[in-house]
Amino acid sequence: MSPRPGFVLEVDKSTPATLMWHGEGFRLERLPVGTRIVYGPEPLDPLADPDSAIRQALENPLGDSQPLRSLLFAGMRLTIAFDDISLPLPPMRSPDVRQRVIEAVLDLAADAGVDDVVLIAALALHRRMTDPELRHALGDRVFEAFAPQGLLLQHDAEDPSNLVHLGLTEHGEDVEINKRAAESDLLVYVNINLVTMDGGHKSVATGLASYRSLKHHHNVRTLLNSRSLMDEHNSELRNSNWRMGRLIAASGVKIFQIETTLNTNTFPDQMAFLQKREWEWSLRDRATFLAASSALQRTPAGLSRKIFHSVEAPHNLTSVQTGEVEAVHHSTLANIYRQQLVEVQGQTDVLTMGLPYICPYNVNSTMNPILVACLGLGYFFNLYRNKPLVREGGVLILSHPTPWEFNPVHHPSYIDFFEQVLAETTDLFEIEAKYEESFATDPWYVHLYRTSYAYHGVHPLYMWYWCAHALQHLGRVIVVGGDRAAVRRLGFSPASTLNDALEIAEDVVGRDPTITHLHVPPLLLADVT
Amino acid sequence: MTKRVRGEATLGRGGARFVAERPTRPGGVVADLPRRKLGIDYDTAWARRYPVRLARAIVLDDFSKPVLRVALSPRVFGLEHLDPVEGPMILAANHASHLDTALLLSILPSWLRHRTIVAAAADYFFDRHWKAAVWSFGLGAIPMERSKVNRRSADLAARLIEDGWSLIIFPEGGRTADGWGREFKGGASYLAKRCGVPVVPVHIRGTRAVLAKSSSRFRPGSTEIRLGDALRPDDAEDARKFAARIELAVAGLADEAESDWWSARRRAAAGTTPPFRGPEVSAWRREWALPDSARKDQPPARERLKHKPWKPDND
Amino acid sequence: MKALQFERNLSRFAAARVASGLVGSGKGVRVGPLELVEIEPFALPGPGWVRVRPRLAGICGSDLATLDGRSSRYFEQIVSFPFVPGHEVVCDVDSGNLEGRRAVIEPVLGCATRGIDPPCPGCASGRKGSCERIAFGHLRPGLQTGYCRDTGGGWSTGLVAHESQLHEVPDDLSDEDAVMVEPAACAVHAACAADIAGGERVMVLGAGTLGLCVIAALRSLCLPGSLVAVAKHSDQRRLARELGADQVVRPGEQRRAARRISGSLALETGDGHIERLTGGVDIVVDCVGSADSLKQCLDVVRPGGRVLLVGMPGVVRVDLAPLWQREIELRGAYAYGTEDRPEGPRSTFALALELVREARLGRLVSARYPLESYEDAVAHAAAAGRRGAVKIVFDLRKGGSSTDATRGAGSERPQVARTTKEAQ
């Protein structure tokens, strides 16, 4: 049976309760009659033989590019860069896509007799990956071949001796990237595309860049002009990255881009009910749901966090394309649309969504309130093309416990940002003007970014900027079931239940508002007309 | 009247202390340097006396062998190559793990096992008294220099072989670091020539995955031991050439372990046996080319959430 | 005359100490040596002394420590029993230069009050707090009014004061403003003792009355580069921000805040929790005076920095290794006298009167109690932070508010006196 496309359900009296994520747990909510629920397409069938698909793709590149085999020669300097821990979400079952691709690339490199090979995790200003995380992404063979010799590197955006400034784009944007990558004979980038924002020129121009480069597009103005981040035709973030990427190519850096897409088979069998439409839940699904949610209520927070973060998703390869960056990305986007696109007619007054326990920036750690805001307003709000799902001045309702908790090793600068900066102001331009420099240059944060497993000092501000478009567009943001003090600190309104939230929303949008509920994850992209 | 000084010994209640504490040395006396016979000078003769040999036999037969059988599930090939050998022999094996010696001893027939000594690196196994005692007892080890032939240890080994002891030796001189073999040194071949005894090549497969060098991970697995045809040196052959021939024989056994006996024999005949020391390329490619059985065991790729979350102190 | 009198009674002293240790501060008053008694009016100890009648008298942290039996034995030789506590007093003056006017009392009993001439070096230079004759002269030993048998104290309906102790209260200041002058003077003196050249990073530990006044004084009289307050309770944090703190944090977070404003590096436990800073803030003002607070000060001050102890400490056990290794200066700030200001030497109390007006410190008076309700008053004062209050005072005025306690700034819940609550 082929996977069914996504669709929009209108809730009526026969509609069963809807599953809504709530951090490390889920709830069943009865949405009001007339609510539209946007369901994504079912997961596409994965490629039957991913390894041979990858090998084929390496032989048959797209765009102006030779097959990888002919680009490799003995005595060359080869660098293989790969996407970091923020992808895919949740982490994939072994073997990870990066493992498959990099093993295939290295087989070719071994055949060609290439000795000088370095692997780089393209993490920009994210945190370094731990050894177990690298092992999981790359596989044991690759890890053992490179890590003990010190040839498995993590991009260090604060190491001036390993950065090279390639010039300014036509808009005056600095392009400064990893030196080893820029000065190699060939840079192979291994990418996973979960959403349409990923990939293309952004892989190298952001993933291997320095703060000096990033601040040209990771800023409030750019993000306000990205409507949405997922829409390639309307995203200033994408445009800036494209300018930078073209400059990188023009300055002689030879890039062989390998992009992959995954299906949305996000949850393992034990949690299959999370994938399925509620009216299609079998007896087993209903029983599992009940068992899981009552068990979770009794489980202490630390343990339930461990349980959730150990979930490995069975999502699998649906396409792989290699070669010249822009041609490859064009094909990748088509594949993502094939999996994720849903047509939605018109906007509503209110948009609701349940937020899961994981976002790109808290793999293996706590989701702190800033990340809750970023996931809801930065990512999920932006899962649209043409127009947002909610009208201008409308209300966004999020469901997440929003604990006032931070992981002090991964997110040290977030603590200070939440405690000091947000306590004073939530205004984006004010924060950018007054605080960005001190957070970006604080020597302690730099030290932790370079030597520990901490996100860069400026990262929490980027998370806040990511909410820019939503903050400007919406009339109010309400968080259901969240820690009241934390929610208020974010500048949002707390509510205990969804009904309370809808009542509060009525103050903003009037009585009997129209409501859309975004049923994610699994991911989708709404094409709103 | 002068007070009489009574010269009684100052013991009294301090008797135990007197015995326990060493006397202090007066200033004008020059002391000899303390001499400790360790390392290459350690005397292992005590471990070959009958009562100790008996005890060792019991430990090896009744304790080590069953334990190793469970942990390493060894399969043995080629024991028949031991039958035609009369008298003592030298067993030359590849070396990947600390488990190799005990494993090899455990699969030998008991008549051979009880009359075998093992050459062990003097700087590693004999650097402390307790270690020297443990290995001499448990494995029948004698100290040996790793790289060059030391006069005394060579004499000792030769004498013991002439007395009828068989010798287990690892010509690589140490365990492999990257999974590929190292050059075979001349110790085994020198002793074979000097004492006129044959060398039986041995290949041990799979111990690196159980317990690798520089790793404390122990993961039970399966192992294979192959013994080959006994080799005798030609009169014309010097020790170095003979060592190379032994290395080639072990490489042939390794090839057989990875493929099958017939293909390995044909390659041996054609001179195309894959080199024991692996390809001469960069480190990552050597690792890339390793057969699975020579890989280290991998730790599970599970990240534990271990950091205590930061929470504000509330009112 | 009614007064609360503090007897020397060792067994009751001990009982108070035990009670406060077991059930909490301020609870020892019930079993302690404080009693409400009728006493004869005090004799005037000499020329220049006048009779005054308190209008409002504050309860101070040092009073609480005394009542709990927790104050240092250091003070035993410079107090004389029995005494009437209360050194934060605004009163009506019955005779002398300020007859018929309101005044605040500067409690320190220096040479002038003791009739000692020539005055000691301290008093001669205007630093009455450093008087070297506090156990001599024609007064019994007593470092301040409120600790001396001969003078009486604020927690009564009448006491005596030397004219040199009286400062006139301008008409535009309320009684609440005036009762805050003495704590404000401590704060002013502390702010000047902090010796801020301009631009330093200052952290104030503790946001009770003293801490809040210190914040106001620092903001008004000095030019700190940034001023961080560490406050335990949310009401305190709000007031700290209103009085001029740039940033307010909870206790337990002062290391992190100090690290951030000074840009220092840190030594962490493996878990990411900050154990020690390699740098720190320039000046730390300790307005808590507990066993832990000195350690906390040493944790956040930079090498070569200054720690100022303003809150009355007791006997504490602290590791001085950081003090030595980082060459930290530890300074005490007590009471008031004369301050060196850019415009010339000025009396601390004069500066305090200005500060009280400028920062509207009268709003820190949270509740008023009659003398009869002294047990409730002391209990409230001891739990002030937790109960959303700052300064608790005794109200000795006739009529209206003398039999009930009313709400003031900072208190959330109305206080109930022994009599029924009357509408405000």
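Every chain is numbered from 1 and lettered A, B, ... according to where its sequence line falls, protein lines coming before strand lines.
- Both the backbone and the side chain of A/F406 come within less than 4.5 Å of a heavy atom in chain B.
- Looking at A/I415, the atoms closer than 4.5 Å to chain B (heavy atoms on both sides) all sit in the side chain, from C-beta outward.
- Residue contact with chain B, scored on non-hydrogen atoms closer than 4.5 Å, involves the backbone and the side chain of A/E103 alike.
- Across A/L134, A/V114, A/D115, A/D116, the residue that shares the most heavy-atom pairs under 4.5 angstrom with chain B is A/D115.
- Within a 6.0 Å sphere centred on CZ of B/R240, heavy atoms belonging to other residues, nucleotides or ligands number 12 at most.
- Atom CZ of B/R128 sits in a sparse spot, with 12 or fewer heavy atoms from other residues, nucleotides or ligands closer than 6.0 Å.
- Considering every non-hydrogen atom in both B/R285 and A/A110, the closest pair reads NH2-O, 3.4 Å.
- Distance check, rounded to the nearest 0.5 Å: CD of A/E144 to CZ of B/R295 gives 8.5 Å.
- More than 12 heavy-atom neighbours from other residues, nucleotides or ligands sit within 6.0 angstrom of CZ on A/R93.
- In this structure, the portions of A/E405 lying under 4.5 Å from any heavy atom of chain B include both its backbone and its side chain.
- Around atom CH2 of A/W404, more than 12 heavy atoms belonging to other residues, nucleotides or ligands sit under 6.0 Å away.
- With a threshold of 4.5 angstrom between heavy atoms, A/A485 does not approach chain B through any atom at all.
- Residue A/R141 comes nearest to B/W288 through the heavy atom pair NH2-O, 3.1 Å, listed as atom of the first residue, atom of the second, then distance.
- Interface remark: A/N368 contributes no atoms to any contact with chain B (heavy atom separation under 4.5 Å).
- What you find for B/W284 and A/V117 is that their closest heavy atoms are NE1-CG2, 3.3 Å.
- Taking a 6.0 Å sphere around CZ of B/F63, one finds it holds 12 or fewer heavy atoms contributed by other residues, nucleotides or ligands.
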